[in-house]
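Remarks on the structure that follows.
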Number of protein chains: 2
Amino acid sequence: MKLETKRPLTLRDVSEASGVSEMTVSRVLRNRGDVSDATRARVLAAAKALGYVPNKIAGALASNRVNLVAVVIPSLSNMVFPEVLTGINQVLEDTELQPIVAVTDYMPEKEEKVLYEMLSWRPSGVIIAGLEHSDACRAMLKAAGIPVVEIMDTDGTPVDSMVGISHRRAGREMAQAILKAGYRQIGFMGTKMPLDHRARKRFEGFTEVLAKNGVEIQDRAFYSGGSALAKGREMTQAMMERSPDLDFLYYSNDMIGAGGLLFLLDQGIDVPGQIGLAGFNGVELLQGLPCKLATMDACRLEIGRKAAEIIAARLSEPPVDTETAITLTPTIAFGDTLRRR
Amino acid sequence: MKLETKRPLTLRDVSEASGVSEMTVSRVLRNRGDVSDATRARVLAAAKALGYVPNKIAGALASNRVNLVAVVIPSLSNMVFPEVLTGINQVLEDTELQPIVAVTDYMPEKEEKVLYEMLSWRPSGVIIAGLEHSDACRAMLKAAGIPVVEIMDTDGTPVDSMVGISHRRAGREMAQAILKAGYRQIGFMGTKMPLDHRARKRFEGFTEVLAKNGVEIQDRAFYSGGSALAKGREMTQAMMERSPDLDFLYYSNDMIGAGGLLFLLDQGIDVPGQIGLAGFNGVELLQGLPCKLATMDACRLEIGRKAAEIIAARLSEPPVDTETAITLTPTIAFGDTLRRR
DNA sequence: TTGAAAGCGCTAACAA
DNA sequence: TTGTTAGCGCTTTCAA
């Protein structure tokens, strides 16, 4: 039995079809309050027969509860953020909460715009990548009066709470491992992204440790766009021609590092003897390469999960207090491209 | 000047702060109707000073317009769907529409559940992966009375409209190219996913053409979980040991194909002389490998864009009629692993 | 256990 | 150009 109109069904339709008040229908559909089994059965039957789908818009307005979690990330175009989203999804799946995602393309103005739009849905919480936001964004986040988790990075002060790793420390530790292994002529390759603060912090931590040890980056190159693997290949070739004395290459992400590694192996160059390599992210891809690139896990899935758990805890009834800073500590995966000394 | 209460601001607050009626404030904030410049300025100033963020929940209920597009996809864990999402985002960015995404993990029951939840937000349109849905899903989609675009696949009948490629044809064409190149001892490797209908259709098209030519798949292997690149490596090794006479390996995706390729190159095997290879998807990654895997583009970005364009067109005022079936036609990229004859 | 009334914050429609 | 009224579909609150 289906209504012929195109107007979406309302509670009233179910109420009329079942001969039960709207209020009781609402109770049945939300499993709230006491409803007799007989009534419940009639209502459910009617709802199913009609094909009724509740209207969350109206429900949210009436109850002043919007079970949405706004997720603001810079990009979808490498596996980093999809993996974070997977972590968020995994946790929110078991709750009433549902993520809504917006992408900023690493542009502060766009971040401001999408955050405003997300907040106008009056979400119950926000998960947002990074600690660097415009004043306007920070003001909006504070004014929203909802749990906010800033993710990926913990080098800074959160508006509310944060989950991530210290990218500065990641850079420092990698530098220490490289120096300890005896490499001294170091080249760096990364993305041309002044607004990727996390890459910047890794680089800062990296050069800081080098400097303390009297070592300086010998050569550097940046790319944008294109296949990261291919770019890694090209840049590595160019850099090795330009600076043949280099004995280590540090890449800002695993994909370009893998490209560089494949190039060097092609050339028959001894890795890690003649030259060592390291990337960043700990991408699964590396497991399939002929030789494993040294890297450091960015803890993407775990960050997504923890962030979602914080939001869920803070919104639970009664609310659970959570830590305001969770710093995950990745360790170096030496792989086959960085001597362990 | 900031209110001290935690209660979110409403139009009424802006109205009082600016001395203008709520209705006029609403008009200003939506750039609707005629408002004097003076009034507009006062309202905007007040809204900004207060930090007012409109409530879309209330707006949507009152106007009966919800500018959300529900996007239902099976997975986020390889680059396929994030790329589709990027295409959707690119197009919707220039409209009032905003995507909300849900993931089904290739599980029909979950598809039913998330579709129901999405529809309860009363979105203005739906983009959903695949043509295979439960009766309940199809019923919901029809009853919603909104534009629905089924994406990725065009081998079947859509509820409303579809954008994608013919996976059966993709399989057939690859089989033809392989046979034409003179390969006859063919092995197949893919994911253990009975519910990935697109992979299944490619396989069916593939074997159909082989059969017509009196050729049969000699060996096959399936995997699940883990790093696809590593799995490709392992499976290829195992298969070559088991069936050393094979002269072609067809992979259901590029990542396992790339793993296989790297393995064979490691072994010093002549590709494509002794053995040919092909994958599917046209992933950017391939560009960086020492030798390019033959593949076929799945047109991911384009599918996302076209689907979003259809939704946008159908929702525009006045609505624009669109095609109900857009079949993109990928061509084979022979790369370096499939002889071109 | 059920129902009636009021109202969430906004916008459509109409009036001034 | 601005304001008033009614009501979107649901839930809260209170009464029966």
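The chains referred to below are lettered A, B, ... by the order of the sequence lines, with proteins before strands, and numbering in each begins at 1.
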### Query
Using a cut-off of 4.0 Å between protein heavy atoms and nucleotide atoms, how would you tag nucleotides 6-16 of chain D 5' to 3' with B, S and -?
-BBBBBB----

### Task
Determine whether more than 12 heavy atoms belonging to other residues, nucleotides or ligands lie under 6.0 Å from atom CZ of B/Arg30.
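More than 12 heavy atoms, drawn from other residues, nucleotides or ligands, come within 6.0 Å of this atom.
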
### Message
For B/Glu96, is the CD atom crowded, meaning more than 12 foreign heavy atoms sit under 6.0 Å from it?
### Response
no

Any donor-acceptor N/O pair, [X] side chain to [Y] backbone, under 3.5 Å:
X        : Y        : result
A/Ser120 : B/Val53  : no
A/Ser124 : A/Val66  : yes
B/Ser161 : B/Val148 : yes
A/Asp105 : A/Met107 : no

### Query
Where does the chain B footprint on DNA chain C start and end, counting 5' to 3' with a 4.0 Å heavy-atom cut-off?
C/dG9 to C/dA13

### Task
Show your working on side-chain contact (heavy atoms from CB on, under 4.5 Å) between A/Leu29 and A/Leu11 and close with a plain yes or no.
CA-CA 10 Å; A/Leu29 264 24; A/Leu11 265 190; 4.0 Å; yes

#### Entry: A/Lys113 with A/Glu109: basic N within carboxylate O range, under 4.0 Å
no

### Electrostatic pair B/Glu93:A/Lys110 at N-O distance under 4.0 angstrom
yes

### B/Leu131 and its side-chain contact (heavy atoms from CB on, under 4.5 Å) partner, picked from B/Glu150, B/Arg198, B/Arg138
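Testing B/Leu131 for a side-chain contact (heavy atoms from CB on, under 4.5 Å) against B/Glu150, B/Arg198, B/Arg138 leaves exactly one candidate, B/Glu150.
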
### Message
Report for the helix from C/dT1-D/dA16 to C/dA16-D/dT1: angle between first-end and last-end helix axes, five pairs each, rounded to 10 degrees.
### Response
30°

